[in-house]
J.: 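Quick one: the structure is below, questions incoming.
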Amino acid sequence: MKVHEYQAKEIFKKYGIVTPREKMCRTVDEVMAAAKEIGIPCVIKAQVMVGGRGKAGGIKLAKNENEVKQHAEFILKMEIKGIPVRKVLVSEAVDIKSEAYLGIIVDRTEKKTVVMACKEGGVEIEEIARQKPEAIYKVYADPLLGLMSHKAREIGLFLYNDPKMAFECASVVSKLYKLFIALDSSLAEINPLVVDGSGKLIALDAKINFDDNGLFRHSDIEAMRDRESEDENELLAKEQDLSYVRLSGNIGCVVNGAGLAMATMDLVKHFGGEPANFLDIGGSSSPEKVMNALKILLKDENVRVIFFNIFGGITRCDDVANGILQAKEALNIKHPIVARLTGTNEDKAMEILKDAGLIFAKTMDEGAQKAIALLK
Amino acid sequence: MKVHEYQAKEIFKKYGIVTPREKMCRTVDEVMAAAKEIGIPCVIKAQVMVGGRGKAGGIKLAKNENEVKQHAEFILKMEIKGIPVRKVLVSEAVDIKSEAYLGIIVDRTEKKTVVMACKEGGVEIEEIARQKPEAIYKVYADPLLGLMSHKAREIGLFLYNDPKMAFECASVVSKLYKLFIALDSSLAEINPLVVDGSGKLIALDAKINFDDNGLFRHSDIEAMRDRESEDENELLAKEQDLSYVRLSGNIGCVVNGAGLAMATMDLVKHFGGEPANFLDIGGSSSPEKVMNALKILLKDENVRVIFFNIFGGITRCDDVANGILQAKEALNIKHPIVARLTGTNEDKAMEILKDAGLIFAKTMDEGAQKAIALLK
Amino acid sequence: MSIFVDKNTRLLVQGITGRDGSFHTGQMVKYGTNVVAGVTPGKAGQKVEGVPVFNSVAEAVKKTDANTSVIFVPARFASDAVYEAADAGIKLIVCISEGVPAIEMVKVVDYISGKDCRLIGANSPGVVSPGEAKVGILPGHIFKKGSVGVVSRSGTLTYEIVDQITKSGLGQSTCLGIGGDPIIGTKFIDCLELFADDKDTEAVVVVGEIGGRDEQDTAVYVKENFKKPVFGFVAGKTAPADKRMGHAGAIISGTAGTAAEKIKAFEDCGIKVGETPAEVARLVKENLK
Amino acid sequence: MSIFVDKNTRLLVQGITGRDGSFHTGQMVKYGTNVVAGVTPGKAGQKVEGVPVFNSVAEAVKKTDANTSVIFVPARFASDAVYEAADAGIKLIVCISEGVPAIEMVKVVDYISGKDCRLIGANSPGVVSPGEAKVGILPGHIFKKGSVGVVSRSGTLTYEIVDQITKSGLGQSTCLGIGGDPIIGTKFIDCLELFADDKDTEAVVVVGEIGGRDEQDTAVYVKENFKKPVFGFVAGKTAPADKRMGHAGAIISGTAGTAAEKIKAFEDCGIKVGETPAEVARLVKENLK
């Protein structure tokens, strides 16, 4: 789960990491008031959960009241990568002396939490990682003891020559690590971490992603979810224990298992079609789950054909068949349905579906090809 | 550092461990009021930080208002092992179905925190440890991961056959461990842990000792210190970075280093004398420290001779000598002083003290013997 | 021969009285797995599918000499279940539970590393050595004893590929899912090291997916160390960036962890990659004499 | 020969710029110890008694090949100092700092146990191999090269006994204080194991005190495993129960950990116990040919 910059900064503040004076606003009037409170010049930043806000023109310095108004009006009407900007952050214009990068993730290869630092701030860390990986300094936390003080100091001493700055930075690192662990984060990033004119360390930007698997124990974080910014069907799916991601194609895929669901999308593409979605109905599915899945799938008006690819293991094909039958009637589905149901109770499934007007396939290859053919 | 039962129970409550309804009182009137609030019959328990309260008559069941008054008057006038009872705890009379022992300490041999459980409650665990060690069930916490849930369950399943009770107990164990670690305890004990008539687990008594080395990070615990119950000279010594324990003899010992201080006491006893105290002036001593040490020592009116045993390493003998000289004058010390100062700058020390009227000794044996001889 | 599980496996089921635990205990017993014990704290004395239930793993191990454990408890209890099994001397722990937070897995994996114990998963569908033992939730009927090793980050996709391999006439030595989470106990390379020494394994199929760089590391390992033929598949070629595709570990971060880079790494290191599951089976069949 | 420290010791001082650190660096240098580096974060570039100061142990080790560290930092920073030294590959860490909470030491000791590293202390006065190296705060002038090993839970009491041994005409192979805290890195038995293999050590003096049962365990170890003569002393015969006698570890808990039971254990296992420090020196002298 992601949160906005302004939300991440609220968390930062709670953990004692210094952020600029700033205020989240939803309207131009709010922006005008906030700018007066914070002081002009100020920076107006679009709050959207995608990268590249700056390049898209979503971050602007306002040097006078007029510019505050202009920028606020402009940004609050923007769309960035297709996402409408509904909130902006009005932030004090910090006098930046230097910029650095600080981030924490769980490193899959080392199986440890890693703190990454780079003397260049404000850049895409993945870009740096590709182009000059040696510029990224990494320090691993002990899985059980956490990030020891000397490791936090190591980061500080890497980023800053001045010992006072280095130790102040070490303290920021320790706080960032503490919140990372306490909140089951998957990413906590300060980019850039800046030194201002008075030699103070400030987190100019903030990003925290949370591990979905840890959310059950952080209801306060779950409460921060900006439902407006997320795909409502994806949220709905999650609530019903389904896993759904919308794509831009027209062949709706219903599959059991995440790996098979991805492989099914790939297969549709392989044979020249365009998958409309990823949809994993999970391991132990019931007719209701199939019904729910189809409800979500059909909210996508691009969908023209539905392709069921079920490999029955724990999932029983007859359960899926019953679900299809019920949904077809209840939802009055007119879309052609290609069904490839194999494994546990596949014979029963065939019996259930024999008069349902479906197109059957023995293999997933056959199924994908038939689904594509139906579009012609 | 130790706290009273009522204070330990306040901590228990904060961590969710169930204790009886009860109230700490300082006067008979308070006890009468508390008993009415809590209900009669009730139990009145002397709050002193020594073992054997029960045997000494410091815990009494009051079955009616008259008895409440009688017992309160009696207990609030008691001395237990020389300690006057200044506070009592008025506690609901719990309907006890079974009693068990639960305790946590740091095991020196295994170098781990250990949870100990015994099906017999209300007994001295050291007594059990000596007489039937097999009756004590031990579970070690992982130093880094803590007490895993399955280990807490193991304790629960050892103490109770009924799974519901066992899991409730596991939860108590986890809470007790949590507070033990969080507060830098050296002992956390529930003795007895009882099951009441309704099948509820209640900590009927509570004991927590704290690691003095950890107190610097627990000002809230330090604030619980009952200065009335501790020897004021020992507290004063601690504040001045000295380590002092009063004994009952008449030869006051001033030594640098804890081991040597103990050995000095032992030596006095060995040659037939009685040490008045343990007093370690520490590693890097100054004249002021010697002065402070003598001030404390002389508050003990039993002291008739003072024996300095200093092995100069980091401690400089001339510093000690100057301290003696200054103190002798400032405090107008009339007691005979035997001085054995050896090691760093011992010649300078001799020079300083040559006209001070002290009795000198070359070895600690000689010093102890001269000190004893002075008493005759 | 085979790896991880075989006729010597003495299996203990943690969470045996739960819905999934009891159902799959039945399935594993039916397959012929030697299921010797189950654990659900507080339910000692019961039996599930004829298997005795104990209060703790330690007790179960003492009474039944179990050497392998499969975990079916809810995610929030899974890490403690692993600790309990490891503390009780279990040598192989297969964790089926899905949804364990990554930060907990970091601790679990570190703790296990100090013990003579291997963890597969979490979020693994299990391990099958056909004709020997089935541990986990994989459907037994698709397997056939043979010489192809299969190791995968996925569940049903593995079944699909195994099924096609079986239908092509070949069998499997051992098949397992290592789990779809970012932090897992056993990785592709760990399995390949064991397949390398397994006489019955003649070729290995590695089924990867988007996210992380385990496939890239594996490719290099295969090129440098692995003598038997390896075939690959990578799911998620059409997956968008920054979206979790079901599995917690299946996510392209920015531009890292794409299927394209994994496929390239495989091919650069001599691993033949199938475009579709069917093609993987075909490649194996064609290349195995 | 000797144990722990010798001519090969390349010493690093953690907290070298502090009051105690700088003073004792001078003392150690004067004794002839090869002090190669000091560490105080943020003070790199300075020199103390001619010894270069670095920002981190890792950097100091890289530049100077230090293999031993002595810690003089305040108690609340001591455990991190140990972690830092262990992480940097230091093989022997002598922690002088007094006042580290026991629960922290439990973690430190556990962490160290997984590394090729030994910790002496915390709350140790240090280690001296006369004529070779002095690490810590023990006063150098009382030592003389010889064949008696001395290991103690105390500081000045050790000096007293060593001084008397030296004055009796005997010398020492290695003398150390293991620290007066309840949880310490190295115990009596660990030292005896090393003294057993040290050709230059002919006899060992064990200086115990009240609290815990390390002396009792040591007694049994000596009886069963140790071939050289061992002499003992136990401080605190007159100490009252439940009072901490200076050292955090010197406390009789109820009726456990008394001097009497320790002396009995020593004597029951063939360790000759001196009633007074002077008697210990006398016993050693009389029994050593």
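Just so it is clear, the model here is predicted, and its values are computed rather than measured. Hydrogens, waters and symmetry mates are skipped; everything else that's a heavy atom, side chains included, is used. All chains are named by letter (A, B, ...) in the order of the sequence lines, taking the proteins before the strands, and each is independently numbered beginning at 1.
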J.: Does the side chain of B:R130 pick up a donor-acceptor pair with the side chain of D:T255 at under 3.5 Å?
T.: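 Side-chain D/A pair, B:R130 to D:T255: present.
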J.: Heavy atoms, side chains only, cut-off 4.5 Å: are B:M262 and D:K237 in contact?
T.: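 No, side chains not in contact.
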J.: Going from CD1 on D:I142 to CZ on B:F311, what distance comes out if it is rounded to the nearest 0.5 angstrom?
T.: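 Those atoms lie 4.5 Å apart.
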J.: Do D:T156 and B:N256 get their side chains close enough for a donor-acceptor pair, meaning under 3.5 Å?
T.: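 No, B:N256 and D:T156 have no side-chain donor paired with an acceptor closer than 3.5 Å.
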J.: What I'd like to find out is whether the side chain of D:I103 reaches to under 4.5 Å of the side chain of B:I181, using heavy atoms alone.
T.: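 Of all side-chain heavy-atom pairs linking B:I181 with D:I103, at least one is under 4.5 Å.
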J.: If I take atom CG from residue D:D163 and atom OG1 from residue B:T363, how far apart are they, to the nearest 0.5 angstrom?
T.: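 Reported to 0.5 Å precision, the distance equals 11.0 Å.
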J.: Among B:G249, B:A258, B:S185, B:P143, single out the residue with the greatest number of heavy-atom pairs under 4.5 Å to chain D.
T.: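 Most heavy-atom pairs within the cutoff with chain D belong to B:P143.
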J.: Could you go through D:D242 and B:K2, starting from their C-alpha distance and side-chain angles, then the distance that decides it, and tell me whether this counts as side chain to side chain contact (heavy atoms under 4.5 Å, CB included)?
T.: CA-CA 11 Å; D:D242 291 318; B:K2 294 180 179 184; 4.1 Å; yes
J.: Name the region of B:S186, side chain, backbone, both or neither, that has any atom closer than 4.5 Å to a heavy atom of chain D.
T.: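 For B:S186, there is no contact with chain D at all, as no heavy atom is under 4.5 Å.
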J.: For D:A235 and B:A263, work out which heavy atoms get closest and say how close.
T.: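 Minimum heavy-atom separation between D:A235 and B:A263: CB-N, 4.2 Å.
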J.: Is D:D217 close to chain B through its backbone or its side chain, or both, or neither, when contacts mean heavy atoms under 4.5 Å?
T.: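 Interface part for D:D217: side chain.
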J.: If you tally heavy-atom pairs under 4.5 Å against chain B, which of D:P139, D:A256, D:S253 wins?
T.: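 Most heavy-atom pairs within the cutoff with chain B belong to D:S253.
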J.: Below 4.5 Å, heavy-atom pairs only: which of D:P182, D:S154, D:G140 has the largest tally toward chain B?
T.: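 Option with the top pair count is D:P182.
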J.: What distance do B:N213 atom CG and D:I183 atom CD1 have between them, rounded to the nearest 0.5 Å?
T.: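 Atom-to-atom, B:N213:CG and D:I183:CD1 are 11.5 Å apart.
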J.: Please determine, among D:G155, D:A239, D:G254, the option with the most heavy-atom pairs under 4.5 Å with chain B.
T.: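 Heavy-atom pairs under 4.5 Å are most numerous for D:G254.
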J.: With a 4.5 angstrom heavy-atom cut-off, could you sort out which part of D:K243 is near chain B: side chain, backbone, both or neither?
T.: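 For D:K243, side-chain heavy atoms alone lie under 4.5 Å from chain B.
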J.: Going by salt bridge (charged side-chain N to carboxylate O under 4.0 Å, His left out), name the residues that satisfy it together with B:D107, two or more places apart in sequence or in a different chain.
T.: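 Counting only residues at least two positions away or on another chain, B:D107 forms no salt bridge (charged side-chain N to carboxylate O under 4.0 Å, His left out).
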J.: Relative to chain D, which segment of B:D184 carries a heavy atom at a distance below 4.5 Å: side chain, backbone, both, or neither?
T.: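 Both parts, backbone and side chain.
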J.: Quick check for you: among D:Q27, D:R213, D:R76, which has the greatest number of heavy-atom pairs under 4.5 Å with chain B?
T.: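 Max contact count across the listed options: D:R76.
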J.: Quick check: are there more than 12 heavy atoms from other residues, nucleotides or ligands sitting under 6.0 Å from CD of B:E222?
T.: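 Check passes, neighbour count above 12.
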J.: Check whether any side-chain heavy atom of B:L260 lies under 4.5 Å from a side-chain heavy atom of D:Y159, and answer yes or no.
T.: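 No, too far: nothing below the 4.5 Å cut-off.
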J.: Using only atom types and a distance under 3.5 Å, with no angle test, would you say the side chain of B:K111 pairs donor to acceptor with the backbone of D:I184?
T.: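 Present.
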J.: What part of D:A75 gets within 4.5 angstrom of chain B, counting heavy atoms only: side chain, backbone, both, or neither?
T.: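 D:A75 has no heavy atom closer than 4.5 Å to chain B.
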J.: Does D:K115 NZ have over 12 foreign heavy atoms under 6.0 Å away?
T.: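 Atom NZ in D:K115 is crowded, with more than 12 foreign heavy atoms closer than 6.0 Å.
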J.: Below 4.5 Å, heavy-atom pairs only: which of B:D266, B:T344, B:L247, B:V106 has the largest tally toward chain D?
T.: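 Highest number of heavy-atom pairs under 4.5 Å: B:D266.
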J.: Answer with side chain, backbone, both or neither: which region of D:I137 has an atom nearer than 4.5 Å to a non-hydrogen atom of chain B?
T.: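 For D:I137, backbone and side chain are both near chain B.
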J.: Please classify the contact of D:V207 with chain B as side chain, backbone, both or neither, using a heavy-atom distance under 4.5 Å.
T.: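 Neither part.
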J.: Can you tell whether the side chains of B:K269 and D:E275 come within less than 4.0 Å, N to carboxylate O?
T.: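 No, B:K269 and D:E275 are not salt-bridged.
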J.: Which heavy atom in D:H141 sits nearest to a heavy atom in B:G343, and how many Å separate them?
T.: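 Closest approach of D:H141 to B:G343: NE2-CA, 4.2 Å.
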J.: Quick one: pull up OG1 in B:T264 and CD in D:E160 and give me the separation to the nearest 0.5 Å.
T.: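 Nearest 0.5 Å value for the OG1-CD distance: 7.5 Å.
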J.: Should we say atom CG of B:D241 is surrounded by more than 12 heavy atoms from elsewhere, each under 6.0 Å from it?
T.: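 Count not over threshold, so no.
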J.: To check you understand the geometry: which heavy-atom pair defines the closest contact between D:P101 and B:G214, and what is its length?
T.: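 Answer, listing the atom of D:P101 first, then B:G214: CG-CA, 3.8 Å.
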J.: From D:K107 NZ over to B:K112 NZ, what is the distance, rounded to the nearest 0.5 angstrom?
T.: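 Answer for the NZ-NZ pair, D:K107 versus B:K112, is 15.0 Å.
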J.: Short question: side chain of B:R108, backbone of D:G249 - any donor-acceptor pair under 3.5 Å?
T.: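 Yes, because the side chain of B:R108 sits within donor-acceptor range (under 3.5 Å) of the backbone of D:G249.
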J.: Side chain, backbone, both or neither: which part of B:E110 has an atom under 4.5 Å from a heavy atom of chain D?
T.: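 For B:E110, there is no contact with chain D at all, as no heavy atom is under 4.5 Å.
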J.: Identify the residues of residues 185-193 of chain D whose heavy atoms come closer than 4.5 Å to a heavy atom of chain B, ordered by number, or report 'none'.
T.: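 Hits under 4.5 Å: D:G185, D:T186, D:K187.
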J.: Under a 4.5 Å heavy-atom cutoff, which of B:V255, B:V50, B:L144 has the most pairs with chain D?
T.: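 When all of B:V255, B:V50, B:L144 are compared, B:L144 has the most.
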J.: With a 4.5 angstrom heavy-atom cut-off, could you sort out which part of D:V100 is near chain B: side chain, backbone, both or neither?
T.: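 It is the backbone, since no side chain atom gets that close.
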J.: Run the salt bridge (Lys or Arg N to Asp or Glu O under 4.0 Å) test on D:R244 and B:D212 for me, step by step, so that the C-alpha distance in whole Å, both residues' side-chain angles and the decisive distance to 0.1 Å come before the verdict.
T.: CA-CA 10 Å; D:R244 170 176 156 173; B:D212 289 344; 3.6 Å; yes
J.: Please state whether the side chain, the backbone, both or neither of B:F216 comes within less than 4.5 Å of a heavy atom of chain D.
T.: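 Side chain only.
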